[in-house]
Amino acid sequence: MAAIYMDANATTPVLPEVVEAMRPYWAESFGNASSVHQRGQQARAAVDHAREAIAALLNCRPAEVVFTSGGTESDNLALFGLLSPGDHLITAAIEHHAVLHAAEALAQRGVDVTFLKPTPAGVIDPEAVRASLRPNTKLVSVMLANNETGVIQPVRQIGEIAHAVGALVHTDAVQAGGKLPIDVAALGCDLLSLSGHKMHAPQGVGVLYVSRKIKLNPLFFGGLHERGRRPGTENVAGIVGLGCAAQLAGSFLHATASPSASPNTPPENPTALAALRDRLEQGILTRVPDAGINGAGAPRVANTANLYFDGVDAEALIIALDLQGLAISAGSACQSGATEPSHVLVAMGLPEERARGSVRLSLSRMNSQSEVDIAIERVAAAVSRLRAISGAAAAR
Ligand code: PLP
């Protein structure tokens with residue numbers, strides 16, 4: 001039975017080109033990027049090269065790129081690096097826990113925090129941001145793409161509203177990296193988080209873009225790495241992998257599809273990836289009654305499908321599909337195994353039962369149309385089996 005992976009929002013497979021780019025930095029070029037000798041210089045050059053690749057992806061200056069250990073650290077550095085007791089933070093109830101829990105910890109330390117609710121489609125309304133502004137609003141942090149629904153947030157409009165009163169703007173773009181073109185100048189954000197493992201680089205490396213106009217307090221204390229913003233010996237191989245993945249993401253985002261593409265050709269650009277995701281959703285919805293798409297009414301990134309199946313328990317469906325060789329998830333990976341329904345779907349106003357019957361299928365450019373067609377059959381069969389079992393149990 002073919003094993004199919006459709007959980008790219010949890011983590012993506014590292015692309016072969018990325019593995020090859022990283023390999024020398026674990027072997028012959030193993031130097032510390034702060035060392036003066038040649039091995040150190042090689043490592044430094046590789047980190048600088050990766051920094052330029054990230055800057056090109058985000059349309060910023062290389063000096064504005066801070067390498068971190070991942071999306072969680074980037075989000076924490078943005079929030080804790082800027083906010084002090086007495087400041088006001090506006091964020092959203094649909095943020096990833098890396099922002100939500102950081103905001104809750106800041107609230108315990110005397111920062112005023114407003115958590116905005118989304119519309120039923122999962123969008124944060126810029127007017128809700130405007131209505132929440134206070135004289136002490138220091139930062140607005142709203143994600144660019146939601147990890148569970150894929151819904152794209154109006155960060156540019158939110159930024160204009162925040163900047164008009166002198167507040168700064170952070171966006172968690174972890175789920176947008178490699179899926180949407182990101183231009184920090186056009187987006188008008190002051191800080192932006194990315195994570196390597198959501199864009200075909202390895203786990204444990206990320207980026208915080210910090211506008212040169214901003215003075216950020218570090219979270220850690222040590223050497224003067226990353227211009228004093230993030231001390232600690234650089235993860236050279238990881239950073240090289242992220243730089244390579246950023247270059248490949250840039251090519252993917254701007255590629256034109258070749259006319260010879262076959263059903264087994266992986267999607268060559270976001271339009272082809274969205275077509276694959278739409279085929280998956282429509283295929284499932286035509287076969288499965290009492291099901292629907294969460295976030296359907298909003299713009300979404302190309303790869304994410306969040307579907308509800310009434311009368312089905314999401315955890316049971318995930319396990320049934322895993323046994324059939326299809327890897328999917330419910331909500332964010334760190335929540336899987338927990339019995340709580342997704343905080344994102346609940347904030348969107350889904351009834352708890354429906355939130356508990358929702359799963360996420362997230363594709364990457366390594367999935368093919370044939371895999372999508374197999375996944376449709378597996379999901380339809382598993383849902384109907386689970387409904388038959390729970391119907392039989394209810395009749396007993
Ligand atoms: N932000 C979002 C939107 C995410 O989806 C994730 C991971 O799922 C993170 C932050 C955390 O990133 P990392 O796993 O690199 O710490």
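The chain is numbered in sequence order, starting from 1. All values reported here derive from a predicted model rather than from experimental measurement. Each ligand, and each atom within it, is numbered from 1 in the order the structure gives.
The local environment of CD in E28 is crowded, with over 12 non-hydrogen atoms from other residues, nucleotides or ligands closer than 6.0 Å. Heavy-atom neighbours of H163 NE2 from other residues, nucleotides or ligands within 6.0 Å: above the threshold of 12.
Grouped by direct or indirect side-chain proximity (heavy atoms under 4.5 Å, Ile/Leu/Val/Met/Phe/Trp/Tyr only), V151 sits with V123.
For ligand 1, the polar-atom distance check finds an N/O of G71 within less than 3.5 Å of one of the ligand's N/O atoms.
Here Q203 has no heavy atoms under 4.0 Å from ligand 1, in either its backbone or its side chain. If you look at H197 next to ligand 1, the close heavy atoms, those under 4.0 Å, all belong to the side chain. Proximity of K198 to ligand 1, defined as any heavy-atom pair under 4.0 Å, is confined to the side chain (atoms from C-beta onward).
A donor-acceptor contact under 3.5 angstrom links the side chains of N294 and S358, judged on distance only.
In summary, the atoms of ligand 1 found under 4.0 Å from a heavy atom of N147, numbered by their order in the structure, are 3 (C), 5 (O).
Evaluated by nearest non-hydrogen atom to atom 9 (C) of ligand 1, the leading choice among H96, Q175, M143 is H96. The option with the heavy atom closest to atom 3 (C) of ligand 1, from among T171, D172, V205, is D172. Looking at T11, D75, T72 and measuring to atom 16 (O) of ligand 1, the nearest heavy atom belongs to T72.
F30 is listed as a side-chain neighbour of R39, based on a closest heavy-atom distance under 4.5 Å. No side-chain heavy atom of M143 sits less than 4.5 Å from a side-chain heavy atom of H170.
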